[in-house]
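Since we're looking at a predicted model, the values are computed, not measured. The sequence lines fix the lettering, A, B, ..., with proteins before strands; numbering per chain opens at 1.
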Amino acid sequence: MKIASWNVNSLKVRLPQLIQWAAEAQPDIIALQETKLEDAKFPVDELAAAGYRAVYSGQKTYNGVAILTRDATQPEFKDVVTDIPGLDDPQRRILAATIGDVRVVDLYVVNGKAVGDEKYAYKLDWLTKVHAFLAQEIARHPNLVVLGDFNIAPDDRDVYDPVAWGEEVLCSPAERAALKSITELGLHDSFRLFEQGGEHYSWWDYRQAAFRRNMGVRIDLILIGDALKSAAKTAAIDRTPRRWERPSDHTPVTLDLEI
DNA sequence: ATGGTAGTGCTACTA
């Protein structure tokens, strides 16, 4: 089973790229972030024609998450959750669904704007509530996959210029501590099961030719529970779509599981 | 220190 996560930065714009990439990469499950589409405008028919069924939780202009599964190989979605229990939040940033015996939680973590900003405080509070939700999820579902745009670079290896980034947003100690508390629930950064080096990034700013210069950060993660660790075979960051015309600022990340 | 680009939607806001 191949699982992918991609912040598409507008599914309306990126739909042709998503369909092309899926045809080439053949993922069984794709978690999307920043679809920026109301549910009524989700491209159900176009994705069905491409062989994928979908669940989605979207809004106009901002945020929006979706999970796609390959029709031919995957069972129906079960136990779909679109909100963190106890958090009344209009921002569409979380989507959980069970596919067979795998539980998938798709996250679009708050960006936070800047350390000290009110959006940063919202980010940390949101992460605390997600932590509580994931503690319940991992107790219920041993085969747990938590993936998405975390908007946190786990450590300095995941940052192009850690001195310049310093303790700015995406790299601040409080954000990294929040991510660590999530991984300490028993969730592993699957990419780091296979690759220890730096210079592997999943997001590059549109400005300053950042992609060409590989000035990026690795903020798109696929976390897996202990029970799936031995099933993990390959983790990768596929930079191909970032080279295409009119790309998302993020590129897809993938994980192959032998299940 | 600032601003550079992109998406939405038409004015700033978010990233």
Suppose clustering is done on Ile, Leu, Val, Met, Phe, Trp and Tyr with side-chain heavy atoms closer than 4.5 Å. Which residues sit in the same group as Val163(A)? none
Any stems for DNA chain B, made of 3 or more Watson-Crick or G-U pairs in a row, each with both distances under 3.5 Å? B:5-8 with B:12-15
Other than Val13(A), what residues sit in its cluster of Ile, Leu, Val, Met, Phe, Trp and Tyr side chains whose heavy atoms are under 4.5 Å apart, directly or through others? none
Report yes or no: does Thr251(A) contribute a side-chain atom to a donor-acceptor pair with the main-chain N or O of Asp238(A) at less than 3.5 Å? yes
Can you pull out every ring-ring contact (aromatic ring centres under 6.0 Å, His included) where at least one residue sits in residues 51-89 of chain A? Sequence neighbours excluded, please. Phe42(A)-Tyr56(A)
Donor-acceptor under 3.5 Å (Glu34(A) side chain, Asn7(A) main chain): no
Met215(A) CE to dT5(B) C1', straight-line distance once rounded to whole Å: 14 Å
With Asn214(A), which residues qualify under side chain to side chain donor-acceptor pair (under 3.5 Å), at least two apart? Trp204(A)
In whole angstrom, give me the gap between the P atoms of dG3(B) and dC13(B). 15 Å
Could you state the atom-to-atom distance from CG of Leu37(A) to P of dG7(B) in whole Å? 13 Å
Please report the distance separating the P of dA6(B) from the corresponding atom of dT2(B), rounded so that it comes out in whole Å. 23 Å
Distance between C1' atoms of dC10(B) and dT14(B) (Å, rounded): 16 Å
Rounded to the nearest Å, what distance is computed from the CZ atom of residue Arg213(A) to the C1' atom of nucleotide dG4(B)? 11 Å
Among residues at least two apart in sequence or on other chains, which ones pass ring pair (Phe, Tyr, Trp, His ring centres under 6.0 Å) with His141(A)? none
For residues 160-199 of chain A, pull every pair meeting ring-ring contact (aromatic ring centres under 6.0 Å, His included), keeping only residues two or more places apart or in separate chains. Phe191(A)-His200(A)
Starting from C1' on dG4(B), measure out to CD on Gln208(A) and report it in whole angstrom. 6 Å
Pick the P atom in dG9(B) and in dA15(B), then give their distance to the nearest Å. 15 Å
Do nucleotides 8-15 of chain B as a string where each nucleotide becomes B, S or -: B if the base has a protein heavy atom under 4.0 Å, S if just the sugar-phosphate does, - if no protein is that close. SS---BSS
Pairing residues for Trp21(A) by the ring pair (Phe, Tyr, Trp, His ring centres under 6.0 Å) criterion, not counting sequence neighbours: Trp6(A)
